[in-house]
Protein chains: 2
Amino acid sequence: MELSDRKRAILQAIIEDYISTAEPVGSRNIAKNHDLGLSAATIRNEMADLEEMGYLDKPHTSAGRIPSEMGYRFYVDSLMHRYSLTMDEISSLQRSMDRKYNQLENVISEISDIISKVTNYPAIVELPAAQKSRLRNVRMMLIEKGSVLIVVVTDAGVVRNRHINVSDNIDYEVIDSISEFLSTQLTGLAADDFTAARLMLIYEAMAQYGEFLKVVIEFVLECLGNSENRVYIGGASNILNNPEFENIDRAREFLSFIDRRENVSNMLRLSGEGVDESISIKIGSETGVEAMRDTSLVVASYSVGDKLHGKIGIIGPKRMDYARVVSSLELINGKLSEILGRMLYGEDRKDDKNGF
Amino acid sequence: MELSDRKRAILQAIIEDYISTAEPVGSRNIAKNHDLGLSAATIRNEMADLEEMGYLDKPHTSAGRIPSEMGYRFYVDSLMHRYSLTMDEISSLQRSMDRKYNQLENVISEISDIISKVTNYPAIVELPAAQKSRLRNVRMMLIEKGSVLIVVVTDAGVVRNRHINVSDNIDYEVIDSISEFLSTQLTGLAADDFTAARLMLIYEAMAQYGEFLKVVIEFVLECLGNSENRVYIGGASNILNNPEFENIDRAREFLSFIDRRENVSNMLRLSGEGVDESISIKIGSETGVEAMRDTSLVVASYSVGDKLHGKIGIIGPKRMDYARVVSSLELINGKLSEILGRMLYGEDRKDDKNGF
DNA sequence: GTTAGCACTCATTCTCTCCGAGTGCTAACA
DNA sequence: TGTTAGCACTCGGAGAGAATGAGTGCTAAC
């Protein structure tokens, strides 16, 4: 059954009032504050209908109405109009992100701070990770006698290294030749390509360094494996600014859920399923998580290059300003892709100052 | 003025009762539950004295007494007896830390989880960092045409890398020779040794690669600079389990303080001043932080090798089980040094499986 | 179809009282 | 002189009503 225009207008008015006040909204208030040209009594009738249809709930008989999850869903899908950030907001956001970052971890934690500051909600930022990557290069270097550093670079631009000890009589040349050998043998391979047969060939070719090769290859495989998307949470305490979390037990339940990163990253994984647009909104129980029953999750997906993907998002009360959150996330998301691209794949060729 | 043995015993009884119940303790309870051989009235008199001397506070006339900060301080310094973890506790702790860690960030976040699980308080873990380090090695490698990776290793065992783009006509040999050159020129230097004169020499020797060298050297300096001690916080929501944080405003104040890493790391810095023992306890206002007025900070310092230092600790209500916290932290602290040592400086030579 | 009016509901707030844990003081006791 | 019993007093907290008022649903009139 379709909603009449009048019902839509009333539903929208109720949801928006509720979003801004967090109080159940009554017919009288709608009649007074919104120019619908209707009396409270009429609105009352419509509200009764909307409740019957499942768009509204009533906390108790003598309170006003609040949106149901179905109501929010309808609002988000059909009623919400895009919110445009003001030029001021945009430029201040841009400015706050326009600084030099030197480490990945720093970017991620700063961005999560920015998101939570802008939205006033707890923010989530996932480290970029690749589903399936190929080896771009593996190198070993002798740091000093007995101490070797393995450096692995994947085609996603991710660099990792590990330090191992070897016996003292291994010198620069040996390391270099192994390094050279492995590099030519393995470059371009994905984890799946490390077949027993191929490994056998490698071990045979350099039989005397078997143990050492094994360690290196193990590490390479580890780097090529599905890297978990590590996740940062910023401004978790922001949730306490919302009246729905005045209750200390609710607050504790939510915060201890959020405290465990794996909870959040599992939830993010679920939330991405079957979503093709770049922004996904999960309302209350749609998140599939009990501790999130009073909150919504808004997530944007970013890409760096064509291999690395990650997500940023916020968690807020179901009663949140979705429109504003969505536009803020979109803006930050774009900027983040840029920053990470520069960082992981080097400066843009065009204004390249490192060439010579 | 010295405290009589009887006063000490009473003070201790009061503090320990308060620690376990979180309720102001009255004279009757002390008389009943502790075998001091004194009547409530006598204890009442002693309590009045202790209050006058500043060791106890009274929330209001008709409540029992609670320890003042001075009381806690005296308890921690003179009354507290060491708590020994049971064998069970120890072995379960050992077990939970005995797994293979592959990335520094993982160790840190797992350890903070373990601390907060064991103590039931919010945990703090600082990444190990060096005050002043020397360059152990710098290398460049051509990942593919136009793309160079710089790898820097400091004598603290820290490895960092950066990716930069260069023009396409730079080949393997060029990179190798620059790498070789810089490595011999810079190895062993600290940030202070990068004098203008020395840099001039380097630039002159390889004038045609000036821009490139500049980028590399900037990066090296960045790696040698005082690395901030980045800090992780685990189980922040645990603080809500304590009755002193039933009040949502207190909880919010505390949690939003904790939410900002720089707050915590500043506080840690302060807390280390002038402390030579390995465990430092700051009670309430001793932390120097308004938001911590109801909480205490217990911190242990660890070292990896002789260059890297960091801290682990917990934040709990002033009314916390200091003895138990201290022994847990000591145990975890030792284990953490071990884990990090293995990780950053390679496996122990003795059971070295990588030699050949 | 819309609206005014009215009886009814119910969470919230307040006021008041009662209760009990705990104190401080005094007087008696060893 | 130190210890203890006894008693009056304090004061926060819990509980019971009562008052308040925002909001509803229904009915009857426009």
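None of these values were measured; they are calculated from a predicted model. In what follows, chains carry the letters A, B, and so on, assigned in the order in which the sequence lines appear, proteins first and then strands, with residues in each chain numbered from 1.
- Between B:Arg250 and B:Glu244 no salt bridge is recorded (no basic side-chain N to carboxylate O distance below 4.0 Å).
- Applying the Watson-Crick and G-U wobble criteria (two distances, each under 3.5 Å), D:dT27 pairs with C:dA4.
- If you check every strand for non-hydrogen atoms under 4.0 Å, B:Ala63 touches sugar and phosphate atoms only.
- No N or O donor and acceptor, one from the side chain of B:Arg28 and one from the base of C:dG22, sit under 3.5 Å apart.
- Both A:Gly26 and B:Gly37 lie close to DNA chain D; mapped to their nearest nucleotides by heavy-atom distance, the more 5′-ward contact belongs to B:Gly37.
- For the pair B:Thr295/B:Phe245, a side-chain contact is recorded, criterion being any heavy-atom separation below 4.5 Å from C-beta on.
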message: salt bridge (charged side-chain N to carboxylate O under 4.0 Å, His left out) for A:Arg73 and A:Asp77? Distances and angles first, verdict last.
response: CA-CA 6 Å; A:Arg73 174 48 63 197; A:Asp77 290 341; 3.2 Å; yes
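- As judged by a 4.0 angstrom heavy-atom cut-off over every strand, A:Arg65 is placed among residues touching the sugar-phosphate backbone only.
- The distance between atom CG of A:Leu56 and atom P of D:dG23, rounded to the nearest whole Å, is 14 Å.
- For the pair B:Ile66 CD1 and D:dG12 C1', the interatomic distance rounds to 14 Å; values are reported in whole Å.
- Checking D:dA5, C:dG24, C:dT9 against the side-chain heavy atoms of B:Arg44 singles out C:dG24 as nearest.
- Side-chain contact between B:Lys311 and B:Ile124 is absent, with no heavy atoms from C-beta onward closer than 4.5 Å.
- Note: CD1 (B:Ile43) to P (D:dA5) measures 12 Å, nearest angstrom.
- If you check D:dT24, C:dT9, D:dT4 against the side chain of A:Lys58, the one that comes closest is D:dT24.
- The distance between atom CG of B:Asn45 and atom P of C:dG24, rounded to the nearest whole Å, is 9 Å.
- The distance from atom CD of B:Glu46 to atom P of D:dG2 is 11 Å, rounded to the nearest whole Å.
- Of the candidate nucleotides D:dT10, D:dT24, C:dT2, D:dT24 has the atom nearest to the side chain of A:Met47.
- Following rounding to the nearest Å, A:Ile30 (CD1) and D:dG23 (C1') show an atom-to-atom distance of 13 Å.
- Distances were taken from every side-chain heavy atom of B:Ala41 (C-beta onward) to each of C:dT2, D:dA5, D:dT10; the shortest belongs to D:dA5.
- Taking only side-chain nitrogens and oxygens, B:Asn29 comes nearer than 4.0 Å to OP1 or OP2 of C:dG22.
- Among the nucleotides C:dT3, D:dC11, D:dG25, the one closest to any side-chain atom of B:Ser62 is D:dC11.
- Rounded to whole Å, the distance from CG on B:Asp49 to P on C:dG24 is 10 Å.
- Rounded to an integer number of Å, the gap from A:Glu51 CD to D:dT24 C1' is 10 Å.
- Out of C:dA11, D:dC11, D:dT4, the shortest distance to the side chain of B:Thr61 is found at D:dC11.
- A 4.5 Å side-chain heavy-atom check between B:Met320 and B:Thr119 finds every atom pair outside the cut-off.
- Considering only the side chain of B:Thr42, D:dT4 comes nearest among D:dT4, D:dG23, C:dT3.
- For the pair B:Leu240/B:Leu255, a side-chain contact is recorded, criterion being any heavy-atom separation below 4.5 Å from C-beta on.
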